[in-house]
Protein chains: 2
Amino acid sequence: MEQKTKTFERVKQIFRNYLQINDYRKTPERFAILEEIYSREDHFDAEALYIQMKSRDYRVSRATVYNTLELLVECDLVRKQQFGKNTTHYEKSFGSKQHDHMICDICGKLIEFCDPRVQQTKNMVHETFGFTVHHHALIIHGICKECQKEMNSAEH
Amino acid sequence: MEQKTKTFERVKQIFRNYLQINDYRKTPERFAILEEIYSREDHFDAEALYIQMKSRDYRVSRATVYNTLELLVECDLVRKQQFGKNTTHYEKSFGSKQHDHMICDICGKLIEFCDPRVQQTKNMVHETFGFTVHHHALIIHGICKECQKEMNSAEH
DNA sequence: ATAGTTGCAAAAGCTTTGCAGTATG
DNA sequence: CATACTGCAAAGCTTTTGCAACTAT
């Protein structure tokens, strides 16, 4: 709890600085959205965030949600992801190690994993193609252990 | 040219078999769409394919384009990709080595590359998480060599 | 004061769906 | 000749935009 508060304070400070430097205004809506995101655990999409804020009786518009998400992506406090659906997903990125995702095509579960080889691949493309790497997204589709087990036992 | 024709004959055969096995009908529209895709080079989205077919005076509906793309993805003749935009992109997959993509965030160029490390990562997640891997998508965002050069010279 | 932001609703863009007509097996 | 498939247009979803009202600086 105390750790969480501390994290949020730091995150808020980063956002404040970012807004300051770029001459953007520090509106209550922007900080409310940031707080909402950092009090959630998992991945979410814009609509879910909007609904969640409404359900907490915080009045924001979708437009502001989208606008603020863009700012947060720009200052690296939020990561934007496409998991093969038409909706964009987001996740907070401060304090969490760089990771990638597996998606179970049966139950939809999202599993995070880390693999240093991805970094090596990024180094490789820089050296081989002269490509300046900003960020990457690696998504592995398949069937998770649990669903696989269920399918196996269903065979009998 | 001759190679291309041969490739298309094999691809058509695969599609025919797939339709046969699943009791789907072999309609001229489906084969026309397959041919259109395999006569193109690069990546495309559903709308571009639709427009392209219209411009060749082949009458198809968007519904049929989407329906057929789904069938082609299912029989592995076409790969479906999300490149961080809201539109789904497709590319033919027969006869092309498994590869991943870099996207230049400045000019939008798509560059393909191969790296065996990705396969190792897939093996790793299978061993570590018991995850049955079906396929993956690795996208690297950044700035291509040419745009980088342009930006450097613009500094003076 | 003044211009960046917000909320709302309308519009835009991609994809799916319902239905009547058509053509495959 | 039964019914899967097609075309068309409408509907559905997510995201963007225009504009009047508001507010941070």
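A, B, ... follow the sequence lines: proteins, then strands. Residue 1 opens every chain. Computation of the quantities below employed the complete heavy-atom set of this structure, encompassing side-chain atoms and omitting hydrogens, waters and symmetry-equivalent molecules.
- Residues from residues 9-28 of chain A that place a heavy atom under 4.0 Å from any atom of DNA chain C, listed by number: Y24(A), R25(A), T27(A).
- Nucleotide dT22(C) holds its P atom 12 Å from the CZ atom of R59(B), rounded to whole Å.
- Distances shown here put a side-chain N or O of T64(B) below 4.0 Å from the OP1 or OP2 atom of dG7(D).
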CA sep, side-chain torsions, deciding dist, call: H135(B), H141(A), ring pair (Phe, Tyr, Trp, His ring centres under 6.0 Å): CA-CA 5 Å; H135(B) 63 277; H141(A) 284 265; 4.8 Å; yes
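- Remark: R30(B) is in phosphate contact with dT6(D), judged by side-chain N or O atoms under 4.0 Å from OP1 or OP2.
- Aromatic pair H101(B)/F83(B): centroids less than 6.0 angstrom apart.
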From CA spacing to verdict: side-chain contact (heavy atoms from CB on, under 4.5 Å), F44(A), Q52(A): CA-CA 10 Å; F44(A) 59 94; Q52(A) 173 114 3; over 6 Å; no
Full working for ring pair (Phe, Tyr, Trp, His ring centres under 6.0 Å) between H126(B) and F131(B): CA-CA 5 Å; H126(B) 180 63; F131(B) 193 87; 8.8 Å; no
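- Here the rule is ring pair (Phe, Tyr, Trp, His ring centres under 6.0 Å) with F31(B), and of Y58(B), Y38(B), F8(B), F15(B) only F15(B) fits it.
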Identify each atom pair where a protein N or O and an N or O of nucleotides 14-18 of chain C are less than 3.5 Å apart, giving names and distance.
from: dT15(C); atom 1: OP1; to: T88(B); atom 2: N; distance (Å): 3.1
from: dT15(C); atom 1: OP1; to: T88(B); atom 2: OG1; distance (Å): 3.0
from: dT15(C); atom 1: OP2; to: Y66(B); atom 2: OH; distance (Å): 2.5
from: dT15(C); atom 1: O5'; to: Y66(B); atom 2: OH; distance (Å): 3.3

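- When the side-chain nitrogen and oxygen atoms of N67(A) are compared with OP1 and OP2 of dT5(C), none of them lie within a distance under 4.0 Å.
- For the pairing with N123(B), the side chain to side chain donor-acceptor pair (under 3.5 Å) check across E127(B), Q119(B), Q120(B) returns one residue only, Q119(B).
- Under the 4.0 Å criterion applied to side-chain N and carboxylate O atoms, K109(A) and E146(A) are assigned as salt-bridge partners.
- Here E9(B) does not pair with K6(B) in a salt bridge; the nearest charged N to carboxylate O distance is not below 4.0 Å.
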